[in-house]
Amino acid sequence: MVKINTTSKTPQDTRLLDALSADDSSTRLKAALAAGTHPDPGFADVLLARCAIEPDFFVRDMLTWALTRLPQEVTVPELRAELRSEVAQARSQALHTLSKIGDKAVWPAITRALLHDADDEVARSAWRAAVVLVPAGEREGLAVELATEFGRGDRTVRLSLSRALTALGDVIEPVLRKGLASEDPAVSAHARATERLLRDPDAGFDEAKRIVALGAEGQ
């Protein structure tokens, strides 16, 4: 996990560091905004470390934005290292940030272990990152891998998987057919919801949500 080094920080840097760890979330949000508005590669370690522990969604999103403002040669190696962190939020945020940076050379770091991480937030982040970073020639293989998660989790998790799969396009049709034929009702319902989203993302969205939420065929 990234460690914060404060030995070479100026007084202004120290104030920013203090603001990033303030009790008030709005103060932390402003600090993250400032870090992105005036990007300094020397703060990459601070921003990454904060991502791993920041409890507020909006602050985490601003931290990600601040990291995307830094040179990729600085951030990407550190983010890849975070994917091996024992802290689930560190893995999740690193995946999210890598998906925003969009460096396709990172694809090999999106491992099967991350795609099937026991933590739902990590897995969801891995699915989203994977569909952004996957090379064209490996989209079918990714679809097969993702489809093994049909039926996993609550509505939010299932919708995340459906959205990731449909983002791959028509290459998912073979795995949809396999899912539809499953004897597991949760798997077949999830596959059917995903198929409807693929066919008609707008008209089918609400119905698909209901099917995924129920884990069974809609009425």
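Start at 1 with the first residue, then count along the sequence. Atom set for the values below is all heavy atoms of this structure, side chains included, hydrogens, waters and symmetry mates excluded.
Side chain of Arg28 to main chain of Ala19: no donor-acceptor pair is present (N/O by atom type, distance under 3.5 Å, no hydrogens or angles). Listed for the Ser92 side chain is no donor-acceptor partner under 3.5 Å among the backbone atoms of Ala88. Checked by atom type and distance alone, the side chain of Lys104 pairs as donor or acceptor with a backbone atom of Val132 at under 3.5 Å. Side-chain N or O atoms of Arg158 include one that pairs as donor or acceptor with a backbone N or O of Gly153 at under 3.5 Å. Proximity of a side-chain donor or acceptor of Trp127 to a complementary backbone N or O of Leu115 within less than 3.5 Å is detected.
Taking CZ of Arg152 as the start and NE2 of His190 as the end, the distance is 11.0 Å to the nearest 0.5 Å. Going from atom CG of Leu20 over to atom CE of Met62 covers 11.5 Å, rounded to the nearest 0.5 Å. Atom CG of Leu146 and atom CZ of Arg139 lie 11.0 Å apart (nearest 0.5 Å). Note: Asp40 CG to Arg69 CZ = 12.5 Å, rounded to the nearest 0.5 Å. Summarising the geometry, atom CG belonging to Leu79 is positioned 7.5 Å from atom CG belonging to Leu83; distances are rounded to the nearest 0.5 Å. Interatomic distance, CG of Leu47 versus CD of Glu78, reported as 11.5 Å (0.5 Å rounding).
One hydrophobic cluster, built from ILVMFWY side chains closer than 4.5 Å, holds both Leu168 and Leu161. Hydrophobic clustering places Phe43 together with Trp65 (ILVMFWY residues linked when any side-chain heavy atoms are closer than 4.5 Å, directly or through intermediates). Leu17 and Leu70 fall within the same hydrophobic cluster, defined by Ile, Leu, Val, Met, Phe, Trp and Tyr side-chain heavy atoms under 4.5 Å apart, directly or through other members. Residue Val122 is grouped with residue Val157 when hydrophobic side chains (ILVMFWY) are merged at heavy-atom distances under 4.5 angstrom, including chains of intermediate members.
Residue Leu95 comes nearest to Ser125 through the heavy atom pair CB-CB, 3.8 Å, listed as atom of the first residue, atom of the second, then distance. Residues Leu180 and Ala191 approach most closely at N-CB, 3.7 Å, considering heavy atoms. For the pair Ala186 and Asp184, the tightest heavy-atom approach, listed with the atom from each and the gap, is N-OD1, 2.9 Å. Nearest heavy atoms, Gly179 versus Val187: O-CG1, 3.9 Å. Residues Ala129 and Ile110 share a closest heavy-atom pair of CB-CD1, 4.4 Å.
The pair Arg199-Glu173 counts as a salt bridge, with a side-chain nitrogen and a carboxylate oxygen less than 4.0 angstrom apart. Classification of Asp119 and Arg91 as a salt-bridged pair fails, no side-chain N sitting under 4.0 Å from a carboxylate O.
Residues Arg60 and Cys51 have side chains not in contact (no heavy-atom distance under 4.5 Å, counting atoms from C-beta outward). At least one side-chain heavy atom of Glu145 sits under 4.5 Å from a side-chain heavy atom of His116. Proximity of Thr156 to Asp120: side-chain heavy atoms (C-beta onward) are nowhere separated by under 4.5 Å. Proximity of Ile53 to Val87: side-chain heavy atoms (C-beta onward) are nowhere separated by under 4.5 Å. Contact of the Leu48 side chain with the Leu67 side chain is registered, since non-hydrogen atoms from C-beta on lie closer than 4.5 Å. A heavy-atom distance below 4.5 Å is not found between the side chains of Arg50 and Val46. Between Leu133 and Asp103, the closest side-chain pair of non-hydrogen atoms is not below 4.5 Å. Thr75 places none of its side-chain heavy atoms less than 4.5 Å from the side chain of Leu98.
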Practice item. Evaluate the criterion side-chain hydrogen bond (donor to acceptor under 3.5 Å, both in side chains) for residue pair Ser182 and Ser188; output intermediate values, then yes/no. Key: CA-CA 6 Å; Ser182 173; Ser188 60; 5.9 Å; no
Exercise for review: Starting from the C-alpha separation in whole Å, work towards a yes-or-no answer on salt bridge (Lys or Arg N to Asp or Glu O under 4.0 Å) for Glu149 and Arg124.
Suggested key: CA-CA 11 Å; Glu149 294 285 5; Arg124 292 175 66 212; over 6 Å; no
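The number of heavy-atom neighbours closer than 6.0 Å to CD of Glu73, taken from other residues, nucleotides and ligands shown, is above 12.
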